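Because the structure is a prediction, the values reported are computed rather than measured. Residue indices begin at 1 and follow the sequence shown. We use all heavy atoms of the structure for the numbers below, so side chains are in, but hydrogens, waters and symmetry mates are not.
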Amino acid sequence: MNIVCVGGGPAGLYFGLLMKLRHPTHAVTVVERNRPGDTFGWGVVFSDQTLGQLARADEPSARAILHAFNHWDAIDVHFKGATITSHGHGFCGIGRKRLLDILAARCRALGVELVFETRVDDVAELARRHRADLVVAADGVNSAIRQHYRDAFQPEVEERLCRFVWLGTRKRFDAFTFAFEETEHGWFQAHAYQYDDETSTFIIETLDTTWRACGLADMDQPDGLAFCERLFARHLDGQPLMANAAHLRGSGMWIRFPRLACRNWVHMLEVDGRQAPLVLMGDAAHTAHFSIGSGTKLALEDAIGLADALDEEVDVAAALARYQEARLVEVLKLQSAARNSMEWFENVARYTAMEAEQFAYSLLTRSQRLSHENLRLRDAAYVDGFERRFAIAAARQAGVAPPAVAAPPMFTPYKVRDVLLKNRVVVSPMAQYSAVDGVVGDFHLAHLGARALGGAALVMAEMTCVSADARITPGCPGLYTREQMLAWKRIVNFVHTASDAKIGVQLGHAGAKGSTRPMWDGIDLPLASGNWPLLSASSQQYIDGVSQIAREATQGDLERIRDDFVRATRAAFDAGFDWLELHCAHGYLLSSFISPLTNRRQDAYGGSLENRCRYPLAVFAAVRAAWPGHLPISVRISSHDWVEGGITPQDAVQIARLFRAAGADMIDCSSGQVSKLEKPVFGRMFQAPFADRIRNEAGIPTIAVGGIHEADHVNGIIAAGRADLCAVARPHLANAAWTLMEAARIGYTGAAWPRQYGAGKQQLERNLERERQLQAASSGLSPQQVAARLLEG
């Protein structure tokens with residue numbers, strides 16, 4: 001093959017050397033517009049895992065890179081005068097110029113032709129001149145080739161909220177360092193790491209609005225550097241900051257990060273009547289925020305991936321399709337983590353009310369790739385110390401004595417009004433469609449009773465309807481007759497006498513989503529017969545052409561429904577429930593007022609967000625007045641409609657503020673199910689960011705839900721201050737004792753089991769410990785390390 005790589009950065013050079021190494025007869029040429037040694041940036045970072053991949057791909061270049069690296073395993077977080085250190089992270093730093101020199105030397109040794117100071121204006125002509133069988137566009141984030149063929153590659157570029165500047169300094173850092181400094185206009189953060197014996201990278205980042213307010217847009221380079229030196233003086237020890245390009249000023253020196261993704265990575269060029277494939281690689285195809293040190297890593301992994309695909313497929317087109325398919329998945333995973341990390345730094349002010357220890361923990365786990373148990377595997381002493389401090393603070397909040405032995409965060413107590421929860425796990429309300437005329441029976445006693453015995457602190461009953469016409473299905477429970485209240489009282493009494501769990505009820509009205517079949521007979525489909533009339537904020541049909549049409553509720557309807565909620569609230573108290581939740585999510589009646597997708601009213605209940613919340617807030621006020629003051633009320637909202645023009649996470653913060661002002665104790669942060677046009681992005685803990693944002697911006701405690709299915713998730717969410725409670729749904733359907741099982745799985749023996757099940761606790765803990773010991777013996781790891789790796793999957 002004749003291969004031409006456009007771009008002499010890490011992607012182009014590494015792919016060139018790999019192909020020449022594997023296929024010495026190939027003609028491989030790398031074309032670079034700059035001179036040898038010209039580069040921008042200071043140092044780059046790799047993890048130990050990335051170094052392992054490089055060693056497997058080409059051991060000589062990996063060895064040369066490793067010998068040039070500065071290695072460290074600690075992260076220091078400097079915040080409000082405190083320094084928090086965590087070990088075991090395994091990073092390496094190398095100068096970008098040194099890296100390129102190593103790769104270029106390896107290319108020359110293998111026979112790759114390097115052509116410098118050559119600008120490529122016509123890539124088809126380049127392919128013709130070299131009779132190329134493959135052209136690789138590795139010409140960076142500002143790729144001229146990608147731009148020329150943008151209709152084929154379909155790039156999406158999003159300029160983010162922060163400005164950053166890539167600087168260097170002679171100050172040598174012993175750890176990867178994050179430093180935060182506040183100005184009158186907002187926060188600045190530095191990302192610093194040493195990459196050779198004399199020099200460190202020092203990236204400074206701040207919101208564009210803060211950057212402008214501080215006057216940096218109008219400063220020349222010396223003044224801008226002087227500003228940064230004064231701001232970060234305590235971290236520089238008198239050393240100056242250095243810039244690559246002396247002529248830059250203002251917006252030329254400080255740039256906004258471009259988040260890039262391309263729908264297609266391959267395009268066929270027409271060259272002399274034949275097709276020559278053109279493929280994107282590295283920053284030309286994608287970017288990932290520098291806060292997880294991933295740009296160069298992705299570039300090198302792209303090179304390995306393309307070389308592997310070409311080895312595995314005889315047909316070049318098939319190889320390129322395999323490369324794109326495989327790398328797109330891996331890049332999307334990393335871009336997802338990078339987005340989480342990037343957004344954390346864009347919103348750092350959200351977390352600055354935290355104590356330094358929790359602020360640092362939130363930073364360390366910001367991407368959701370680094371979990372609680374993974375942190376323990378890296379630095380057990382750090383996690384043990386964090387857990388001790390967290391447990392003491394939790395005991396203080398709950399008004400109980402501090403523990404003699406610290407529990408993991410998910411097993412710390414939490415108090416809301418006069419209700420003391422023994423831990424942070426909630427059994428999420430899950431519709432069972434098993435009531436008869438709204439009356440719950442033995443199934444609900446067994447279902448909810450088993451989960452109360454299973455270790456969760458709070459068991460939430462499914463949405464319980466405030467009137468017969470408020471039901472989703474004929475099998476939904478209610479609280480609008482005395483018989484229904486007494487049936488619930490039987491279950492509540494069992495929970496209180498047989499367990500130490502609390503039990504709550506979620507009150508709701510189905511609105512336009514009512515009069516449907518049970519889920520197993522066709523979710524959201526209308527009943528075949530026996531339907532009842534529906535109403536909503538505005539006339540609507542939930543499934544076009546299928547659902548019943550709901551009419552717009554009149555003022556009289558709204559007053560009646562408000563009174564129904566009040567009656568159900570009083571019945572819930574009579575039944576003995578400890579907790580009440582008002583259902584304002586998922587397109588049900590109260591939710592239909594909040595979302596602009598379903599509220600098109602022209603009266604005082606329509607229009608602005610404040611107006612659309614007016615009726616749900618009126619219902620909440622009436623419910624709060626009827627519910628005893630010593631008992632809590634949470635509100636479930638849809639934090640994101642996942643439809644253009646619907647509720648956004650920013651709207652959700654304002655909704656939460658309105659309910660907080662009305663007296664809500666917590667916001668239960670769900671999303672979606674308002675419109676069948678929704679396009680949610682699922683994944684583990686996919687709704688936790690909504691709880692995080694609402695808790696730390698609106699200043700109200702939150703419940704996180706969605707994709708939470710192991711102790712590690714709960715511990716991380718609670719420890720980082722992303723939520724105060726975690727509601728777990730489907731795992732509790734599969735295992736009523738999920739909480740107790742997870743306690744045993746992470747090696748925590750302090751969870752209280754029902755005394756009748758004590759023998760099972762001992763047997764389970766012995767079995768899991770034996771499993772850890774056996775795996776430790778075969779792997780050479782400690783049992784604690786084995787447990788952590790098992791939790792990592």
Side-chain angles (χ1 to χ4, degrees), residues 47 49 261 288-289 291-292 294 328-344 347 361-378 383 408-411 423-430 456 585-586 636 638-640 642 649 652 668-673 678-696 702-735 738-739 741-743 745-746 787-793:
S47 68
Q49 181 184 21
H289 195 253
S291 62
I292 60 172
S294 57
L328 265 175
V329 172
E330 292 305 311
V331 167
L332 285 173
K333 288 179 183 177
L334 194 62
Q335 282 190 323
S336 176
R339 176 180 281 276
N340 292 337
S341 178
M342 173 180 66
E343 290 181 348
W344 192 94
N347 296 284
Y361 184 99
S362 176
L363 183 154
L364 290 171
T365 59
R366 67 195 179 278
S367 72
Q368 295 189 1
R369 291 197 306 166
L370 189 57
S371 70
H372 191 75
E373 292 305 320
N374 187 268
L375 273 177
R376 193 191 309 277
L377 177 63
R378 294 165 185 248
V383 172
M410 72 179 282
F411 289 104
N423 61 49
R424 307 302 184 98
V425 180
V426 178
V427 175
S428 197
M430 295 173 284
H586 300 167
R636 173 167 280 206
S638 286
S639 307
H640 197 326
W642 302 105
D668 188 354
C669 304
S670 190
S671 70
Q673 301 178 53
E678 67 181 2
K679 294 181 179 179
V681 180
F682 295 112
R684 58 190 182 92
M685 301 180 285
F686 74 104
Q687 295 179 140
F690 307 143
D692 182 351
R693 182 168 185 178
I694 288 170
R695 181 185 190 270
N696 293 299
T702 58
I703 304 173
V705 304
I708 300 169
H709 54 79
E710 58 185 53
D712 218 11
H713 297 164
V714 181
N715 278 323
I717 289 169
I718 301 302
R722 297 188 176 99
D724 301 277
L725 302 174
C726 286
V728 178
R730 293 177 185 181
H732 271 129
L733 288 180
N735 184 352
W738 178 86
T739 306
M741 176 65 75
E742 287 299 294
R745 197 163 73 94
I746 64 173
R789 294 199 173 181
L790 286 172
L791 289 169
E792 289 183 276

Can you measure from CD (E742) to CZ (F411) and round to the nearest 0.5 angstrom? 8.0 Å
Are side-chain heavy atoms of H640 and S670 found at a separation under 4.5 Å? no
Using a 4.5 Å cut-off on heavy atoms from C-beta on, say whether the side chain of V425 contacts that of W738. yes
Can you sort out the partners of L332 under side-chain contact (heavy atoms from CB on, under 4.5 Å), two or more places apart, ordered by chain and number? Q335
Identify every side-chain donor-acceptor pair in residues 728-735 under 3.5 Å, counting partners at least two apart or on other chains, and give the distances.
residue	atom	partner	partner atom	Å
H732	ND1	V728	O	2.9
N735	OD1	A737	N	2.9

Do C669 and I703 touch side chain to side chain, with heavy atoms closer than 4.5 Å? no
Can you list everything that forms a side-chain contact (heavy atoms from CB on, under 4.5 Å) with T365? Sequence neighbours excluded, please. Y361, L375, A720, R722
Using modelled atom types only, decide if a donor and an acceptor are shared between the side chain of D692 and the backbone of A688 within a distance under 3.5 Å. no
When you measure from the side chain of N374 to the backbone N and O of L370, does any donor-acceptor pair fall under 3.5 Å? no
Got a sec, which residues hit salt bridge (charged side-chain N to carboxylate O under 4.0 Å, His left out) with E678, two or more places apart in sequence or on another chain? none
For the CE atom of M410 and the CD1 atom of I708, what is their distance to the nearest 0.5 Å? 10.5 Å
How many angstroms lie between CG in N696 and CG in N347, if you round to the nearest 0.5 Å? 10.5 Å
Does D724 use its side chain to pair, donor to acceptor, with the backbone of I718 at less than 3.5 Å? no
Between S371 and D712, is there a donor-acceptor pair closer than 3.5 Å when you use the side chain of the first and the backbone of the second? no
Qualifying residue for side chain to side chain donor-acceptor pair (under 3.5 Å) with S341, from R366, R369, Q368: R366
Do side-chain atoms of N715 reach the backbone of H372 as a donor and acceptor pair under 3.5 angstrom? no
Sidechain-backbone polar pair: R695 side chain, G721 backbone, donor-acceptor under 3.5 Å: yes
If the condition is side chain to side chain donor-acceptor pair (under 3.5 Å), which residues does H709 pass it with, not counting sequence neighbours? none
E710 and R684, any side-chain heavy atoms less than 4.5 Å apart: no
Take L334 and I292, measure what side-chain contact (heavy atoms from CB on, under 4.5 Å) needs, and give me the verdict at the end. CA-CA 9 Å; L334 194 62; I292 60 172; 3.8 Å; yes
Contact summary for S291 and H289, nearest pair of heavy atoms: OG-ND1, 2.7 Å
Quick check against the 3.5 Å criterion: does Q687 have a side-chain atom that pairs as donor or acceptor with the backbone of S671? yes
Between the CD1 atom in I717 and the SG atom in C726, the distance rounded to the nearest 0.5 Å is 4.0 Å
pair V383-R378: side-chain heavy atoms closer than 4.5 Å: no
Go through the structure and list residues passing salt bridge (charged side-chain N to carboxylate O under 4.0 Å, His left out) with R693, not counting sequence neighbours. E697
